[in-house]
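Below is one structure; the comments refer to it alone.
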Amino acid sequence: MRRSSRGASEQLEGVLKRNRARWARNRLLRVGLRRAQHLGWPNTYTFTKSLGESILSRHGQDLPIAIVRPSIVESSERSPFSGWNEGINTSGPLSYLLGTNFRQLPTMNASASTSFRGYGFAGMTLIAAAIIARRNARMYQLADLGNKSCEHGPPASS
């Protein structure tokens, strides 16, 4: 009897611990969102991003740093229609996959057209060079003004 009551007690403690953690997480999320919205931010992501940038701006004057804000466009150019987006944060799961053992991104059909954006790499290289030379600005906004499409599909038969 003692062993079963000890096991039940440990199980109850585990359930209580998980419920306390869930309650605290949900409470902090609600409080953080209220605070962000009170200060004019739409969500906690933009609020905490702003906090981080503010800390770097105020306390990082002597550090060789630059804040880089790349524009991210995740919508279709043509198919199934212009502006179509598969999800709200499409690049998040794809970035996660590339960080694992996956080395190819899944596609719905054998041939897909995507936009290849080299401005990010080129821009980051130029910013890194400016930081090394200590001639960088404190903030950069990277964006692409052109369209460089790249066709993907099955390998051509020889």
(request) Show which residues join L51 in its hydrophobic cluster (side-chain heavy-atom contacts under 4.5 Å, direct or indirect), or state none. (result) L39, W41, F47
(request) Go through the structure and list residues passing side-chain contact (heavy atoms from CB on, under 4.5 Å) with A66, not counting sequence neighbours. (result) I127, I131, N136, Y140
(request) Any side-chain hydrogen bond (donor to acceptor under 3.5 Å, both in side chains) involving residues 53-62? Give me the pairs, sequence neighbours left out, ordered by first then second residue. (result) E53-R69
(request) Linking directly or through intermediates, with side-chain heavy atoms under 4.5 Å: list the remaining ILVMFWY members grouped with L56, chain and number order. (result) L63, I65, I67, M139
(request) List, by chain and then residue number, the residues other than Y45 in its hydrophobic cluster (Ile/Leu/Val/Met/Phe/Trp/Tyr, side-chain heavy atoms under 4.5 Å); write none if there are no others. (result) none
(message) Testing the basics here: between P42 and Q37, what is the closest heavy-atom pair and its distance to 0.1 Å?
(response) O-NE2, 3.7 Å
(message) Clusters formed by hydrophobic residues whose side-chain heavy atoms approach within less than 4.5 Å: which one holds L16, and what are its other members?
(response) L12
Which side-chain N or O atoms in residues 25-33 pair as donor and acceptor under 3.5 Å with protein atoms at least two apart or in another chain?
unit_1	atom_1	unit_2	atom_2	d
N26	ND2	R22	O	3.3

(message) Just to verify, what does S50 make a side-chain hydrogen bond (donor to acceptor under 3.5 Å, both in side chains) with, not counting sequence neighbours?
(response) none
(request) Any pair with a residue in residues 40-50 that passes salt bridge (Lys or Arg N to Asp or Glu O under 4.0 Å), sequence neighbours left out, goes on the list, sorted by first then second residue, please. (result) none
(request) Flag yes if more than 12 heavy atoms outside R138 fall under 6.0 Å of its CZ atom; otherwise flag no. (result) yes
(request) Sorted by first residue and then second, give each salt bridge (Lys or Arg N to Asp or Glu O under 4.0 Å) pair with at least one member in residues 7-21; sequence neighbours left out. (result) none
